[in-house]
Structures are given as C-alpha cells and as structure tokens.
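Data block below; observations after.
Letters go in sequence order (proteins before strands), and every chain restarts at 1.
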Protein chains: 2
Amino acid sequence: MTTHISDSEADRLKARVAWLYFIGGMTQQQIAREMGITRLRVNRLIGQVRTEGAISIKLNLPLAENVALEEALKERFGLLDAAVLPTMPDYADIQRTIGEAAGRMLETHLEHFKGIGVGWGRTLSHAGRCIRSEHSDLTHVVSLMGARTRGSGSNTIEVATSIANVLGMECYYLTAPLYCRSAQVLNALLEDDDLALTMERAERVEVALVACGDLSERSSVMQLGIVQEMQAELLDCGAVGDVLGCFLDAEGRIVDHPLNRTRVALSPEALRDKPVSILASGGRNKLQILHASLRGGYFNHLVTDEETARALVSEQDSDNR
Amino acid sequence: MTTHISDSEADRLKARVAWLYFIGGMTQQQIAREMGITRLRVNRLIGQVRTEGAISIKLNLPLAENVALEEALKERFGLLDAAVLPTMPDYADIQRTIGEAAGRMLETHLEHFKGIGVGWGRTLSHAGRCIRSEHSDLTHVVSLMGARTRGSGSNTIEVATSIANVLGMECYYLTAPLYCRSAQVLNALLEDDDLALTMERAERVEVALVACGDLSERSSVMQLGIVQEMQAELLDCGAVGDVLGCFLDAEGRIVDHPLNRTRVALSPEALRDKPVSILASGGRNKLQILHASLRGGYFNHLVTDEETARALVSEQDSDNR
DNA sequence: GGGCAGAGGTTACAAATGTCATTTTGAATA
DNA sequence: TATTCAAAATGACATTTGTAACCTCTGCCC
C-alpha cells in the first residue's frame, strides 16, 4: 500500500486518525488496521496532534472550573493546597461552606501533626462540624489570639473549644483581651506564666487554621470598641483588614499602628514557618485582605469561594519591581 | 484517611480527578497518589465522567470537521467509505481535488480487484494523476458508457485511457454514442460482437469510478445535442441529473424517458452489485443529483466537497413513509 | 441485633499506549 | 547511477489503563 506525501493528504490522515481516536473512541490498533497503517504511526500522529495543542478538552462538570481555579491559586500564591467552593448567593452560606471545607482540609493533616492553632470568626465556627475524630495521636488545640469577653459563637474560644471537642483533645486559651490599652499592660500580662506558656504553645503548633477580616462594620474585629474608635486611623495607615487581629496593608505588610503593637496573639509572620497554615475566608468584601494575606506569604493553604478565587487569580500584581 | 460521603464532596473529588487527568495530563497513578486514594478509584471516577458524557473533546484541526462529515455520510447513506474535501472557492478546483481524491480512493482497491470501470466528466479526468501503478495483478480498464465523438479531456474514452496508462493496463471502450436515435439503432449496435463483449466486460468489472451530472448547460451530458433538445422534457419527467447518462429523479429512481431506453451504457442498477462503486462529484449544483444517486443506493463510496457534504447530511429525507 | 446493599479496597491480569533502537523504503541530490 | 537523508515500518519493551473476581467496611432497614 503506497502513501503519498502530499501535505493535504497527510493532514487528512492526521485529522482522520485524531477524529477516530478522540471522537470516535476507537483504539489505536483498530484505527491502524482500518486505515492500513502501523499502530506506531497512529500513535505518532496522535502525539503530534496532542503537542500541537490542536485538541481541547472541556469538562462539563460544574466543579471543574473550580479545580482549575484551585490549581491557579496554588501556582499564583505558592500554596500547597487550595479549595474553591461554589459561591452561594447568601453570604452566611459562603461562610458556612468555606468553614466546613476548611474543617475537612484541616482533618487531612491531623495524622501527621500534634498541635492545632485556631483563630476566630464566623467562618471558622463552622469548621468543627465537618471533622471526624479518629486519629488520636493529636494532643491539643490552642487559640492563637486573645479573645473577646463576650461569646458569640465565633469567638476564638468557642472555635477552639468546638474543634477540641470533636477531636477529644485538650484545649488552651490565650486568656487575655486581643488588644491591650498600652504596652505596659501588655508586658504586665505576659509576665503571667500560664499566659506565656500558652503563647509558647501557640508558637509551636504545626497546624494553623485562620480566617481574615476586613474593616467593615460587620467584621469581628470591628465589634471591639477599641478598634471601632480607630477605624479611620487604621485606614489612614493603609490597613485593609486583619489576620489574627494584626492589621495588614494591601501588600500584606504589617502596618505600623499602635493596635498592632499591643496585640496579644500569634504574629502572622509566625505562620510562615508552620507546615500547615490554612487561610479560610471568602466573599466579595474579603477580597482585599485575602489578597494581602496571600501576598504576605503567611499561608500555604487556602479555602475560599469561586467568585473570590476568580478575582484573586485575575488580579494584577502591582509590584512589578 | 477517612472520606466523607457528602455528595458535594464526592463531586469535588470527581471534578478534581477529571481535571487533573484530562486537563492536567497527569497519570491515574499520580493522581491516586497525590489524592491519597486508589488508582482503581481514580479509574472508576474517570470512567463515570466518561459515561456521563461530561467530557467534550474538540479538535482544532481544520480537517477534523470533514472527518465527522465523512462518518456522517457513511452512516446516512450506508457507504463503505467517504472522502470529504475542503470546498475550494473555484469550481474547477473543487472538481480537481475531488477527482484526485477519487483516484487515491480507487487506488486503495486496486490490490483486490481486476477490472475497473469508469464513467466520464471533468471531475474524473483528474483521477489518473493521483494513481501510482504498482500492483500489476490488474487486468483492464473499461469505459462504462458510450462516448462523445469529440474529445474534450473529460470524455469517457480519455478518462479510461489515462487511468489505463498510469496503471499499464489494457483499455476497452464502448465504441458507440451514448444515446441512440431509436431502439432499432440500439439493437442493431448491440449485435456487434465486440461491442457486446465490452458491454459484458463492463457488467463484470468489480470497481466502478463514476461521476454524476446535473441538467445545467455546463454539464457534460448537455453538450450532447440530443439531450439539449430534450432538456425541458427531462425536467418534466422529474429528472434532476444523470449517472452514466441515465437520468434519475430526486428519489434516485430511473425516470421513464426515451433517452434512458436508448442509452448505451451500464445501468446504474448494475453498480449496486459492485464491491466498489465510487461516486465522485461535488459543488453546489450537483447537490440534487448527488442526493438522488445516493438515495438510489447505487454507490458504496463517495468523494465530495465539504459544503456539499454538509448539505447532504443535513438534508431531510422526505420519504418518511 | 442481623442481614443487606453498595462503595471502596486488594489483587491479578489483559489490553492499550508510549518509547526505544533498528531496519527498510522512497525520494531527492550530486 | 550512486549517495544520502528522512519518513515510516518493525519488533521489543515498560508503562498505563481497563476490567474482573473477590473482600471489607459502613450505613441502613427490618
């Protein structure tokens, strides 16, 4: 059987082989037999088509897009893992789904590490729900930050407790306000041995589950009178939100503000050394602080919603220095 | 490692696996390792996605569409093979490319059969160009129809000769006009032993390469004075064109007209028994007669152009009886 | 509490696929 | 005509994929 080397003929062959293989679902051997050529040649032609990029595969699964976003986020912000959830119409549902997913993500790391540190916020308050206790080589849960005096379901104390409960672990709290009135008060507090010990524990946890907050009225941090008073000031400093009560600017840098200096909480910078630091947050209003937190490189895991994820990956980095 | 049976979680898993496999190009084993599940499960998930039809593959090759058309034509008209060529802007080029492709298609069957029968027409006049002689177990080429007295390059005599030449085969001609003036003349002609023998040869060829013609001024058959005279009459009979000089109606039936009865040529119906009967024709004006010829079931191979092919497969069959 | 259904794991195996080194072939060129 | 080069065929082989038989666990229904 002769074969002519006319270009168009070669193209026809290639197209036919590709069609039969990808659309027709035939096997390379079948195609070879049917067209009277070697399987190897079929194989090579298909290889060509593949490398030419002449073939585009589309997944019609609703969540396929999200997987693409997850990969993009990992790539973009150097993350070890990312989870992107469908954006629910109701903000409360966004928080719930993200919290639950964060719980599941946390769970996958329980096997390998001992101590877990947690932050606060409505999002994290849902994390406990989705964790199953099974691996009991864990030891404890630590709150990574000072707490509000008033319980609300999303207080770091409550978040830590709920996770400790489902896992059957001990729980440690930073029994202090998140912000002290002055450096003196802060120093005095830290002389308390118990508190210092817990702080030390917080430093040592290997897994951190943290949210971030914006500077709107709704945000957890704004419920604190001391922060409310300083909202304008914070904005002036360039702050776009907080991580563990620490205010960051759009670049993810810790802003120079008194509140940041009298804070009783783990520093975001300490998160950089954690084997697992999960940032769980979503919704349109969190976009700025999320972006900042990621640019700051404080986290290596992210849980967010689809719309926010899309915005995060499409946003240009302004630091083209 | 636990896995939760939440639907959305299962969907996420499926989407992720599918994405990594189809878009990410990872191997099933890699995916399994990375996601901490069995390869088998990955395989099953991918199988699910496949059967769900959630995956659509698109070929960006220019000719891929044509392959799809070829398959559709085969399916639609019960053909063994079909070739669809890009529609060239110039009609002459359409004829040339179709003729050349028909030659190549013919060639693939040379190995297995002895005698080749050919028709006429500008399209077929290009067929010889693309045939290489190699398999010399062939014996002869036969013209399947009476001929014009005047050579034009596309006369059946010339078509047969050119093919016989490249193949180094003997050539037989039906040395008679395509249409006789009367049944008497026809009968008288057929008393010629040589002619009858050639006719017999024509009946026996196993491979036929034939074109079809419409009833426009340009068509080969219209070059014959006797046909020109009867154009109106033919149209009245419902004729839409001819195959081997035999006029067919839109359904592909042989119309009842004197010309069809005094014709010196193989009957289209004889083509039905040929192992290989190739219809080579294209261009907008050939659509009707092409469709008719195919519906008549005279051919098991087709060579045409893309645009015509599209029209052929999309055209509704009116016989929903 | 016992049995059931079903998802998922384990093992094993056959088929399909990708790759390699080597030979053959065809066509172009000197 | 001889030479040379590239495409394609060949045969051998490792990897990947699909499939089956069989087992285990879990939630569920009675």
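To the nearest 0.5 angstrom, A:Leu106 atom CG is 5.0 Å from A:Leu110 atom CG. Distance OG1/B:Thr304 to CG/B:Leu294: 8.5 Å, rounded to 0.5 Å.
Note: CZ (A:Arg41) to P (C:dT17) measures 18 Å, nearest angstrom. One atom, CD1 of B:Ile46, and another, C1' of D:dT19, lie 15 Å apart when rounded to the nearest Å. Taking atom CD1 on B:Ile31 and atom P on D:dG18, their separation rounds to 11 Å, with Å as the unit. If you take CD1 of A:Ile37 and P of C:dT24, they are 22 Å apart, rounded to a whole angstrom. Note: CD (A:Gln48) to P (D:dA6) measures 16 Å, nearest angstrom. Rounded to whole Å, atom P of C:dG9 lies 11 Å from atom CE of B:Met35.
Contact annotation: the side chain of B:His301 never approaches that of B:Leu79 to less than 4.5 Å [non-hydrogen atoms, C-beta and beyond].
Of the possible polar contacts, none joining the A:Glu107 side chain to the A:Gly103 backbone as a donor-acceptor pair under 3.5 Å is found. Side chain of A:Lys114 to backbone of A:Glu206: no donor-acceptor contact under 3.5 angstrom is found. Side-chain atoms of B:Asp305 never come within 3.5 Å of backbone atoms of B:Ile98 as a donor-acceptor pair (strictly under, hydrogens ignored). At distances below 3.5 Å, not a single donor-acceptor pair connects side-chain atoms of A:Glu100 with backbone N or O atoms of A:His126.
Between A:Asn43 and C:dT17, a side-chain N or O to OP1/OP2 separation shorter than 4.0 Å is absent.
Listed here is the closest heavy atom pair of A:Val84 and A:Ala309: CG2-CB, 3.7 Å.
Every residue two or more places apart in sequence or in another chain that forms a salt bridge (charged side-chain N to carboxylate O under 4.0 Å, His left out) with A:Arg310 is listed here: A:Glu65, A:Glu306. With sequence neighbours left out, the side-chain hydrogen bond (donor to acceptor under 3.5 Å, both in side chains) criterion links A:Ser125 to no other residue.
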Write down the protein N/O and nucleotide N/O pairs, taken from nucleotides 10-15 of chain C, whose separation is under 3.5 Å; answer none if there are no such pairs.
none

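Between the two ends of the helix from C:dG1-D:dC30 to C:dA30-D:dT1, each summarised by a five-pair axis, the helix axis turns through 30° (rounded to 10 degrees).
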Taking only distance into account, with no hydrogens and no angle test, what donor-acceptor pairs under 3.5 Å do side-chain atoms of residues 14-30 of chain B form with protein atoms, sequence neighbours excluded?
unit_1	atom_1	unit_2	atom_2	d
B:Lys14	NZ	B:Gln48	OE1	3.0
B:Lys14	NZ	B:Glu52	OE2	2.5
B:Arg16	NE	A:Glu70	OE1	3.1
B:Arg16	NH1	A:Glu71	OE2	3.3
B:Arg16	NH2	A:Glu70	OE1	2.5
B:Arg16	NH2	A:Glu71	OE2	3.0
B:Gln28	OE1	B:Asn43	ND2	2.9
B:Gln30	OE1	B:Thr27	N	2.8

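Less than 4.0 Å separates DNA chain C from at least one heavy atom of each of the following residues of residues 21-29 of chain A: A:Tyr21, A:Thr27, A:Gln28.
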